[in-house]
Amino acid sequence: MNSHDHDHDHDHDRDRGSVSVLVAVLLPALLLLLALVVDGADRMRALARADAVAAEAARTALTAIDTRTPHITLDTTTARSAAQTALAASGHRGKVTLDGQRTVRVTVSHSEPAVIGLLDPIHHVTGRAEAQLGVGTTTPGLAP
């Protein structure tokens with residue numbers, strides 16, 4: 001075996017060592033990034049569920065039409081009660097507010113365990129929705 005072959009083997013060992021160090025550094029970083037992405041997506045799903053519950057409760061409140069007046073308005077007491085009943089049936093807590101006799105706003109507090117829980121073991125989110133007579137239901141989106 002000549003010295004040239006020996007140098008080649010030495011370079012190969014050094015390259016293999018460099019790759020091992022690179023893998024040892026990058027693998028934990030990639031795993032951390034993956035955990036953050038999964039936690040973030042999990043939180044977004046929890047928020048979407050909270051928004052959906054709020055929207056359903058707000059729509060339920062719109063069934064409480066006040067038939068005592070010639071205009072289409074809500075019976076505010078019945079509307080608030082219907083929304084609270086819908087929240088209770090879904091197992092959530094929330095706040096129901098009425099803006100006049102045509103608009104219902106529902107805010108829902110929702111908590112669920114995180115899949116990985118790197119940032120927080122439990123996702124605490126707030127869902128919001130608004131429903132208006134003759135207009136429909138809107139969810140303002142990703143509220144913390």
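For this chain, numbers begin at 1 and follow the sequence in order. Hydrogens, waters and symmetry mates play no part in the numbers below; they use all other heavy atoms, side chains included.
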query: Is the shortest heavy-atom distance from the side chain of T126 to the side chain of H110 under 4.5 Å?
result: no

field: Polar side-chain atom of T85 near backbone of S81 as donor-acceptor pair, under 3.5 Å
entry: yes

task: Mark yes when over 12 heavy atoms from residues, nucleotides or ligands other than L36 sit less than 6.0 Å from its CG; otherwise mark no.
output: yes

message: For S90 versus V53, what's the shortest heavy-atom pair and its separation?
response: OG-CG1, 3.5 Å

- request: Measure the CZ-OG1 distance between R102 and T76 for me, rounded to the nearest 0.5 Å.
  value: 14.0 Å

query: Can a donor-acceptor pair be found between the side chains of H71 and T73 at a distance below 3.5 Å?
result: no

field: Chi angles and distances behind the side chain to side chain contact (heavy atoms under 4.5 Å, CB included) call for R93, V108
entry: CA-CA 6 Å; R93 296 179 332 247; V108 174; over 6 Å; no

task: Output the distance between atom OG1 (T103) and atom CG (L133), rounded to the nearest 0.5 Å.
output: 7.5 Å

query: Is V115 reachable from L34 through a run of I, L, V, M, F, W or Y residues, each pair having side-chain heavy atoms under 4.5 Å apart?
result: yes

Distance, nearest 0.5 Å, that separates CZ of R68 from CG of D75: 5.0 Å

- prompt: Do you know which two heavy atoms are closest between R80 and L98, and how far apart they sit?
  reply: NH2-CD1, 3.6 Å

field: For the student: nearest non-hydrogen atoms of A61 and A83, plus distance
entry: CB-CB, 4.0 Å

- request: In sequence, state the C-alpha distance, the side-chain angles, and the governing distance for D39 and D120, and then conclude on side chain to side chain contact (heavy atoms under 4.5 Å, CB included).
  value: CA-CA 9 Å; D39 266 357; D120 198 349; over 6 Å; no

- request: Going by the side chain to side chain donor-acceptor pair (under 3.5 Å) test, name the single residue among H124, R49, H123 that passes it with E112.
  value: R49

- prompt: CG of D51 to CD of E56: how many Å apart, nearest 0.5 Å?
  reply: 13.5 Å

query: What are the two closest non-hydrogen atoms of L62 and Q132, and how far apart are they?
result: CD1-O, 3.8 Å

- prompt: Which atoms form the tightest heavy-atom contact between I122 and S111, and what is the distance?
  reply: CG2-CB, 4.0 Å

query: Do E130 and V104 pass the side chain to side chain contact (heavy atoms under 4.5 Å, CB included) test, and can you show the C-alpha distance, the side-chain angles, and the key distance before you say yes or no?
result: CA-CA 6 Å; E130 178 180 292; V104 181; over 6 Å; no

field: OG1-CG distance between T63 and L74, expressed to the nearest 0.5 angstrom
entry: 8.5 Å

message: For a quick test of reading the model, state the closest non-hydrogen atom pair linking L87 to G94 and the distance between them.
response: CD1-CA, 3.7 Å

- prompt: Taking a hydrophobic cluster as the set of Ile, Leu, Val, Met, Phe, Trp and Tyr residues connected by side-chain heavy atoms closer than 4.5 Å, whether directly or through intermediates, do I116 and L32 fall within one such cluster?
  reply: yes

- prompt: Can any side-chain N or O of R105 pair as donor or acceptor with the backbone N or O of A131 at less than 3.5 Å?
  reply: no

